[in-house]
Amino acid sequence: MGWFKTPSIFTSNNHRNLPYYNPIRQNPVNNSETPKDGVPNKLFRLLRRLMSGGKIDGGSRTEAEEKLYSWLYALAQSDKDLVFEYVRSTERGLSFTEAERRLKENGPNVPVDYSFPSWWHILWNAFFHPFNIILIVLSVISYITSDSPNGCIMLVLVFISVSLRFYQEYGSSKAAMKLSEFVRCPVKVQRCAGRVVQTELVVQIDQRDVVPGDIVIFEPGDLFPGDVRLLSTKHLVVSQSSLTGESWTTEKTADVREDSSTPLLDLRNICFMGTNVVSGGGIGLVVSTGSKTYMSTMFSNIGKKKPPNEFEDGVRRISYVLIAVMLVVVTIIVATDYSTSHDLSESILFGVSVASALTPQMLPLIVNTSLAKGALAMAKDRCIIKSLTAIRDMGSMDILCIDKTGTLTMNRAIMVNHLNSWGLQKEKVLQFAFLNSYFKTDQKYPLDDAILAHVYTNGYKFQPSKWKKIDEIPFDFIRRRVAIIMEREAEDRSHHISDRIVVTKGALEEVMKVCSFIEDVDGETNITFSTEHYQRILNLTEEISNEGLRAIGVAIRRLETETSYQHRDDDETFESDMVFLGLITFFDPPKDSAKQALWRLAEKGVKAKVLTGDSLTLSIRVCKEVGIRTTHVVTGPELELLDQDSFHETVKRATVLARLTPTQKLRVVQSLQAVGNHTVGFLGDGVNDSLALDAANVGISVDSGVSVAKDFADIILLEKDLNVLIAGVEHGRLTFGNTMKYIKMSVIANLGSVLSILIATLGLKYEPLTPKQLLTQNFLYSVGQIAIPWDKMEEEYVKVPQKWSKKGFPMFILWNGPVCTLFDVSTLMFLWFYYKADSLDDIMFFHSAWFIEGLLMQTLIIHLIRTEKIPFVQEFASWPVLCSTVLISAIGIAIPFTPIGDVMGFVELPLSYFGFLVVLFVGYIFVGQVVKRLYIMVYKSWL
């Protein structure tokens, strides 16, 4: 047949500007007005990206998605003959040589072109953290200055932090590999061979070798190896559940031309990579493979859409500030100390000790211990925590997006009613629906179980033993109904009367197709099935659907006694001229625990939004049952028509979003994150949920979910119960609160202590503490903080979502930091003027007094910062924290009175000094509490 000549409009230079252009195919969408990619346009796009800050707001499709939509819609709207020209193929198929060339040009047909970072790259990212760099530099200097114990401790902390981070990131980076499992199967393709006389051959190849332009032949059970434009079909029924999450099937046909108003996944002449044939068969032309398919475009950004972690960014910013402060303060201290001691090595060692005191050395240990403790607590609630940081994010979560099926509902059908065609309850309808389900043997579906359960539990006596099954016409996806042939023998005085009937039950439209009669309103006589009757039943069905119910039809036909069913060819004969009896309605009921769980989540400031692929009416019915407001609802096709601003506003207000595609779920999550500044959790268990699971701050799946969904999830629930998430939210807020306690109190204590040392160094003629004493003080204080993960939080704190505040943290330090320094300087003045400790002769006394005051002050800060209330009066810390405080304080006070104190250069202190410390710390708590109340009045929060 040879190659088609492409029309000139597609061979001009304009094709370089066409969306989704590929050298082996040319797009039918002429986009010649697209501006050329000149320098001004590049600069404009760069400026726009810089101004946007790289935020992904989800309000619009990406460039790749726009090209894909344009390409597929153009193919769906074109004649089959023209489609061959677009992909440069023929009705005989590609030659083996051409297919091989295209395979080399396009690469293997895998759904996602995902390159995994090497282990050393992940290790480097885990290692390259400001706090790690600080600790390593300080440890190196410590080894140089012969302070090996301190250097060893720092390296151990770095090792723990890097190891945990590397383990988590290396495991999660491999998740996208699972996507390739969906399409690894052999494919039948039609190729042409021969140089002179070309012969059509049907060969079987691996799906990885399929290229655009291949003609594929598919049968029930086959997976589509790429995006396919159908050429011919026969009763083709396709399952798109891998893309939509909907369990029902979709009819496809080649003999149709679609228009642009049809949603992409509803195009009847296009089949998508990763979907499968349920019944029927056909032939199709592969138009997109590999990274150019809908599935690949959908998943191409997995691992790239995660929102920035505000907590990690906040810690990173703090580290940079501390580095800047450290460089300035340490430089001044080293210079000042050297000017008095003239010993450079001793001055450097003292500077390193000060730098070490300024660094929150226990941050990696405290953070990971808090997260691990939360993970163990959630494990008791039957949760598997894959990413420890997800626990902390659970504490910040203020919106939970959930799929209705199996989460809010029991995921099983319950029969609700049996109605005749006039909308009245009729027992006869239920009787024959029951007999159909009772005698059905081919394959029982949940709807059959629901009918049987309804009859048995409500005491109906339909006596199936008086009926005898003759034969069965099984259900298939073309007819979408099942028929049972049965008879009942009633004994008369003189002879036997035989009653043989066909009972058909199935999809309402398909049942009505085979009906010629309908029972009148009294059910006494049969009348002709007219157009008016048909429309009345459709209106009744629409009302039922609006209530969130599903309906199937029931019909019967009486047969002559000698009539027998022998072969499938008799199907149309038996299922014809039937009498329509009525409808059976079903409902997937909500879980008893769902309403209570959603109410408890709302109490804790977590709003629920339903993101589902199901119909809007069914979703609204379920949401009303569980208490979710349905005043603002929207569907996926309606979202597609909105501009970017309207999209964000609609997503913000909507509580129920139905008929969503996977990419729409992703865009909704991104819109909530970027525009609404929300921390979003997403609960899903299907392939169609993977995009949203990956993009959400907290991805949650269930143990029964598909492997891809579980791989991208941060948390896996062993039970589909929202109550488990409530415990997770509480653990998350407890973890977040304890972590913030440590960060804030350690920065205040360390910064205040270092500023006090700077003031003392400038005011005295000697070091306020020797390097050894300063490191010992810092070590004891750090050990005392290990108990913080076991502390408790106030009830008011865990009632609302907690987030890192970029502006709040600096203000917190500015308000509370000077209080610590003020009382340290007060101690300095007291020692200076009361004890006259301002000369080298009193250096050991000053070191001893400053050591104890500094250690007790830092320990006391824990109790002042950890609560809004008055410490030791209105609120007490947990017993591990109290025990740690008492133990560390006792050790600090005792050291100067022990031989260890002699070795470290301490002397015994008079009792009057401890009396001064009591007054000092009472004053510190008083002033700190006043500052705390003023801060809360201004900023309306504390931690």
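In what follows, every heavy atom counts, from backbone to side chain, and hydrogens, waters and symmetry copies are set aside.
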Q: Find out whether Asn723 and Ile726 are in side-chain contact, i.e. whether some heavy atom of one side chain is under 4.5 Å from a heavy atom of the other.
A: yes
Q: State, without any angle test, whether Asn539 and Glu543 hold a side-chain donor-acceptor pair at a distance under 3.5 Å.
A: no
Q: State whether the side chain of Arg481 and the backbone N or O of Gly506 hold a donor-acceptor pair below 3.5 Å, judged by distance alone.
A: no
Q) Applying the side chain to side chain contact (heavy atoms under 4.5 Å, CB included) test to Phe224, which of Val286, Asn276, Thr293, Val277 qualifies? A) Val277
Q. So how far is it from Phe647 CZ to Gln664 CD, rounded to the nearest 0.5 Å?
A. 7.5 Å
Q.
Any non-hydrogen side-chain atom of Glu640 less than 4.5 Å from a side-chain atom of Leu264?
A. no
Q) Would a distance-only check, ignoring hydrogens and angles, find a side-chain to backbone donor-acceptor pair under 3.5 Å from Lys665 to Thr612? A) no
Q | Donor-acceptor contact present, side-chain Glu625 to main-chain Pro590, <3.5 Å | A | no
Q) Got a salt bridge between Glu730 and Lys604, using NZ or NE/NH1/NH2 to carboxylate O under 4.0 Å? A) yes
**Q.** Separation of Leu601 CG from Asp398 CG (nearest 0.5 Å)
**A.** 12.0 Å
(Q) Keeping Gln240 on the side-chain end and Leu265 on the backbone end, is there a donor-acceptor pair under 3.5 Å? (A) yes
Q) Sub-3.5 Å donor-acceptor pair from the side chain of Gln673 to the main-chain atoms of Ala695, do we have one? A) yes
Q.
Let me confirm one number: the CD1-CD distance from Ile552 to Glu510, rounded to the nearest 0.5 Å.
A. 13.5 Å
Q | Identified side chain to side chain contact (heavy atoms under 4.5 Å, CB included) partner of Ile402 from the options Leu683, Leu725, Ile700 | A | Leu683
Q | For the student: nearest non-hydrogen atoms of Lys609 and Leu672, plus distance | A | CE-CD2, 3.9 Å
Q: Tell me, with the steps shown, if Met394 and Ile715 meet side chain to side chain contact (heavy atoms under 4.5 Å, CB included).
A: CA-CA 10 Å; Met394 284 278 282; Ile715 299 174; 3.9 Å; yes
Q) Quick one: does Ser545's side chain have a donor or acceptor within less than 3.5 Å of a partner on Thr541's backbone? A) no
Q: Under the side chain to side chain contact (heavy atoms under 4.5 Å, CB included) rule, what do Asn417 and Leu549 come out as? Steps first, then yes or no, please.
A: CA-CA 10 Å; Asn417 215 335; Leu549 302 178; over 6 Å; no
Q) Are Ile270 and Tyr294 close enough, and set up right, to give a side chain to side chain contact (heavy atoms under 4.5 Å, CB included), and what steps lead you there? A) CA-CA 11 Å; Ile270 299 290; Tyr294 173 80; over 6 Å; no
Q. For the side chain of Ser296 and the backbone of Lys292, is there at least one donor-acceptor N/O pair under 3.5 Å apart?
A. no
(Q) Ignoring hydrogens, what is the shortest heavy-atom contact between Ala254 and Thr233? Give both atom names and the distance. (A) N-OG1, 3.4 Å
Q.
Looking at every heavy atom in both Ala450 and Ala413, which two are closest together, and how far apart are they?
A. CB-O, 3.5 Å
Q: For Arg621 and Phe587, indicate whether the former's side chain and the latter's backbone hold a donor-acceptor pair under 3.5 Å.
A: no
Q | Heavy-atom side-chain proximity of Phe272 to Leu72 below 4.5 angstrom | A | yes
Q. Hey, does Lys591 have a side-chain heavy atom less than 4.5 Å from the side chain of Leu722?
A. no
Q.
I'd like to know if the side chain of Glu258 pairs up with that of Asn269 as donor and acceptor (distance under 3.5 Å, no hydrogens or angles considered).
A. no
**Q.** Spacing of OG1 belonging to Thr585 relative to CZ belonging to Arg550, to within rounding of 0.5 Å
**A.** 12.0 Å
(Q) Check this for me: Arg629, atom CZ, are more than 12 non-hydrogen atoms of other residues, nucleotides or ligands nearer than 6.0 Å? (A) no
Q.
Taking Gln802's backbone N and O only, do any of them form a donor-acceptor pair with Ser396's side chain (distance below 3.5 Å, no angle check)?
A. yes
Q.
Show, in sequence, the C-alpha distance, side-chain angles and deciding distance for Leu639 and Arg667, and conclude whether the side chain to side chain contact (heavy atoms under 4.5 Å, CB included) test is met.
A. CA-CA 10 Å; Leu639 286 177; Arg667 292 171 59 200; 5.8 Å; no
(Q) Under a 3.5 Å cutoff, is there a donor and acceptor pairing between the side chains of Ser701 and Asp685? (A) no
Q. Tell me, do Arg480 and Phe475 make a side-chain contact under 4.5 Å, heavy atoms counted?
A. yes
Q) Going by heavy atoms in the side chains, are Val622 and Ile628 under 4.5 Å from each other? A) no
Q: Of all the heavy-atom pairs spanning Lys803 and His678, show the shortest one and how long it is.
A: NZ-CA, 3.6 Å
(Q) Please check this pair: side chain of Thr630 against backbone of Ile620, looking for a donor-acceptor N/O pair closer than 3.5 Å. (A) no
Q: May I ask you to decide whether Glu251 forms a salt bridge with Arg268, counting only side-chain N to carboxylate O separations under 4.0 Å?
A: no
Q. Less than 4.5 Å apart, any side-chain heavy atom of Phe218 and any of Leu230?
A. yes
Q | Least distance between heavy atoms, Cys271 atom then Val238 atom | A | SG-CG2, 4.2 Å
Q) Roughly how far, to the nearest 0.5 Å, is the OG1 atom of Thr635 from the CG atom of Leu616? A) 6.5 Å
**Q.** Nearest-0.5 Å distance, OH of residue Tyr73 to CG of residue Asp259
**A.** 9.0 Å
Q) Are any of the side-chain heavy atoms of Tyr797 and Phe736 separated by less than 4.5 Å? A) yes
Q | Heavy-atom closest contact (Gly553 atom, Leu583 atom, distance) | A | CA-CD2, 4.5 Å
